[in-house]
Each structure stands twice: as C-alpha cells, then as structure tokens.
Amino acid sequence: MKILFIGDGQLGQMLGGSAISHGHECLLYSTRSEKVKPLSAQIELSRSLAEAIDWADVVSWEHEDIPADVIAAANDKFLMDPARIKALTDRRTEKKLFDDCRVATSPWRSFNTADELEKYLADADQPQVIKAARGGYDGKGQWRFKLTDNPASVAQEAGQQPGIVEAMIPFSKEVSLVGARAKDGSLCCFPLITNVHDRGILSYSLGAIDAVPASWQSRAEEAFRSITNALNYVGVLAIEFFVVGEGDAADLLVNEIAPRVHNSGHWTMTGANCSQFDLHIRALTGMPLPQLRVEPTLMINVIGAEQIPAGLWHHADTQCHWYNKDPRPGRKVGHVNIRTANRDTALQWVGLWAEKLQVLS
Ligand code: ATP
Ligand code: MG
C-alpha cells in the first residue's frame, strides 16, 4: 500500500521504517514547512500535498495536531474521523471524552478566564494542577497550585489562556498502556509500562519489567476498549494512567491519551516481536494483529545531550536511536533501549546513564 504520514518528526520516520519493512511505500508531509518529503532525507519534493494525498491509499499521522486544511484535503483517505482526533488536542474535549466513556480521571473543571480559575483555586481543598487547554507537551503549559499559594497570583499567571484545573493526584506510580485497535474492533495491547518523569518529561520507561496485578492490565484494557470504540479508532493509541494505592485495590486514573505511537512504547523496538510502529502499520493496512511476545527492556530518553556515548552504541544489550535533531536542554533527541534482566539491573543502568544522557535545563 501507499501511506502518507502527516508529520515528519522522529515518530514519522520510525513509522515510515516500519511501513517499508512491511513492503509498503510512504511519504511524509511536514506540517511545519508544508512540504512533502521522502523518508529519512531532509529533502523537499516538488509534489504538492494534494498530489501526495492522491498518490496515497491511506493517510495517517505522527502527531494529532493536524491543520484543518490538511484534514479537509485528506478526509477520504483517513481510516477514521480526523476531527475527533483533532478534538483530543484540547484538554477540555479530551477530559470530556473520559467522562463520556465513564473511565476514571482526576476531578477537573474547565476555565476560560483568570477570574474563573481564581475562584476554583480559592475553593480547592487539595493541591491542583493547571493545564493550558492547548499546546502543552513534556510538562509545558502547566502550573502547580499548593493550598498555601495565593490563588490570585497563580490564576494571573496560569489563567492567561483557557484551560483545565484538576486535582493533583498522589500517585504511587505512573503507567501507560500502548495498544492497537483493528478495523474489525479487535485489540492488541502491550503489558502496562512503568514510566518515570523528571520535571514533567519522560525520563525512562520499564517495558515488561514490573509485574503488575492482572486486574490492572484488564482494567486498563477496558478503558482502552471504551475509548477506542468511542473514537472508532484504528491504529496504535497510548493511555497514560496514574496508579493510586497498591495491589489489586489500587485505582487507575486516566491522565491523558495520545492517539498515535508514543514515547513510552519505544522499548518495543527492542523488547517485542512486533514494535508499536509495526503494530500501527498492521492495523492500518488490515493485517492480522499479532500475538505479542515481550522481553524485559528499559528505555532511557536522550534529552538535550550532544550525543549518545560510544560505550552505549557498542554494548551488546543496547540499541541506540538518534533522531538527527539539534540538542537543546529539555528536547528529546534520541533514546536507548536496554535489554535487562529485571527492575534492579534496569535501575542500575538508569543510575549509571540517565544523568549523562539527559540535560533538562
Ligand atoms: P506528555 O509529554 O506526556 O505529552 P504533557 O505535558 O502532555 O506530557 P501530562 O502528561 O498531563 O502532560 O503531565 C506531565 C507529567 O506531570 C505527568 O506524567 C505527571 O508526572 C505530572 N502530572 C500531570 N498532571 C498531574 C496530576 N493531576 N497529578 C499529579 N501529577 C501530574
Ligand atoms: Mg503525559
């Protein structure tokens, strides 16, 4: 098949690699330069977007912030209603989807003005997180409110644009579920992934390392089913959860969803018989979803570093991925997957390397 991906960042490149290995052809459309590009080369083709859409059998995306004119032009080639996906770029409609699907999420309100936000903060009886409705990623566009803070001054800063205010969740850990839904509604999910953030940015993920109660997996997959059914979704989607409490009695609260392949699923490039990128291509092209086999794998993000040290490229248990981006503090420029026996050895790797690989500010 011929696949056009909206977006030409690292996720688009990795999706393209999978498309090729399945015998498909692909082109990427940069929403930044508004040019069509081939895979892997930073070359702009003379082909217009309309021609690329005409060429493609199917259009997919690496990021959900798809410009309205692109949605209009490619409408017939998307496998599902892109307007619903676009709605997920606004935290208000995203949270409403969770409520509509009856999946638990942190209690939230939306606000339009600083005055409205100030009122909610003044009434709060527990700490709050304020998130801009649009444009946030890697912890950007977020503010924290403690009960000892002054509601008016926090609202002045955080209420400059519409957003949501939600309860700060005292989570015991953060996990994500990465999976795919096929056109016939069947699902295929990886085991829950443990994620550790540093200053709002994903630092590392433990793939198939933590044994979690079976009930967490089934509840997470139930949430996945409700949400992807509601979206009539085809392809890979990720759900981030806060876990509150321990063991079977713990609550899983949905934090946010990413209607695409996700950073916390990068370990599957090394630790699974079918990576999240391959899974997306399979779902997109109507191939059967696989039976998954996974192996314990740590993924450490490379953030703001100039390079990945040679020792890591050299090691037999590692797979390094460099995104060909200019490094700057806080910017994800690569990741390293490490085959590791268990949580203890994974955390030893983190202790040895995270600081060298991550320049956050
Ligand atoms: P991403 O890089 O995943 O797109 P983001 O900027 O969109 O991140 P969130 O995932 O909402 O934003 O928040 C980033 C991190 O901040 C979360 O993973 C979590 O560690 C922390 N966080 C966000 N909201 C809350 C909350 N309500 N309670 C506690 N911690 C929170
Ligand atoms: Mg997040």
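As the structure lists them, so they are numbered: ligands from 1, and atoms in each ligand from 1.
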Per-residue contact class, N255 against ligand 1 - non-hydrogen pairs under 4.0 Å: side chain
Basic-acidic side-chain contact under 4.0 Å: R331, D138: no
Atom 25 (C) of ligand 1 - nearest protein heavy atom and its distance: F242 CZ, 3.4 Å
Ion pair E116/R109, N-O distance below 4.0 Å: no
Polar protein atoms near the Mg ion (ligand 2) [N, O or S; cut-off under 2.8 Å]: E240 OE1, E240 OE2, E256 OE2
Closest protein heavy atom to atom 18 (O) of ligand 1, given as residue, atom name and distance to 0.1 Å: E174 OE1, 2.7 Å
Chi angles and distances behind the side-chain hydrogen bond (donor to acceptor under 3.5 Å, both in side chains) call for N229, R181: CA-CA 9 Å; N229 280 350; R181 180 179 181 274; 3.0 Å; yes
Polar contact flag, side-chain donor to acceptor under 3.5 angstrom, T270-Q319: yes
Intermediate values then yes/no, side chain to side chain contact (heavy atoms under 4.5 Å, CB included), W143 and E157: CA-CA 9 Å; W143 296 263; E157 196 187 330; 3.3 Å; yes
Derivation and outcome, side chain to side chain contact (heavy atoms under 4.5 Å, CB included), residues S18 and H280: CA-CA 9 Å; S18 284; H280 185 69; over 6 Å; no
Sub-3.5 Å N/O-N/O distance, G200 and ligand 1: no
Criterion side-chain hydrogen bond (donor to acceptor under 3.5 Å, both in side chains) on N255 and E240, from CA distance to verdict: CA-CA 5 Å; N255 172 28; E240 298 177 9; 3.2 Å; yes
Which residue and heavy atom of the protein sit nearest atom 30 (N) of ligand 1, plus the separation: F171 CE2, 3.5 Å
Contact partition for A167 relative to ligand 1, non-hydrogen atoms under 4.0 Å: backbone
Nitrogen or oxygen atoms of H197 and ligand 1 under 3.5 Å apart: yes
Residue and atom name of the nearest protein heavy atom (relative to atom 12 (O) of ligand 1), distance in Å to one decimal: Q142 NE2, 2.9 Å
Mode of R91 contact toward ligand 1 - side chain, backbone, both, neither (heavy atoms, under 4.0 Å): side chain
Nearest non-hydrogen protein atom, atom 28 (N) of ligand 1: I169 N, 2.9 Å
Passing option when I3 is tested against V59, L28, T285, D57 for side chain to side chain contact (heavy atoms under 4.5 Å, CB included): T285
Region of R144 that comes within reach of ligand 1 [heavy atoms, distance under 4.0 Å]: side chain
Numbering as shown, the atoms of ligand 1 that approach E240 to under 4.0 Å (heavy-atom distance): 3 (O), 10 (O)
Of all pairs that satisfy salt bridge (Lys or Arg N to Asp or Glu O under 4.0 Å), the ones with a partner from residues 28-52, not counting sequence neighbours: D8-K37
For atom 11 (O) of ligand 1, the option (of K131, E166, H262) bearing the nearest heavy atom: K131
For atom 6 (O) of ligand 1, the option (of G139, P107, G136, G135) bearing the nearest heavy atom: G139
Salt-bridge present (R134, D90; N to O < 4.0 Å): yes
Geometric cation-pi criterion K140 and Y137, 6.0 Å radius, 45° cone: yes
M168 contact mode with ligand 1 (heavy-atom cut-off under 4.0 Å): both
Region of V129 engaging ligand 1 - heavy atom pairs below 4.0 Å: side chain
Residues Q358, S203; criterion side-chain hydrogen bond (donor to acceptor under 3.5 Å, both in side chains); working and verdict: CA-CA 8 Å; Q358 299 181 348; S203 174; 3.0 Å; yes
Worked verdict on H63 versus T31 for side-chain hydrogen bond (donor to acceptor under 3.5 Å, both in side chains): CA-CA 10 Å; H63 67 75; T31 47; 3.1 Å; yes
N232-D81 side chain donor-acceptor pair, cut-off 3.5 Å: no
Protein heavy atom at shortest distance from atom 1 (P) of ligand 1: E256 OE2, 3.4 Å
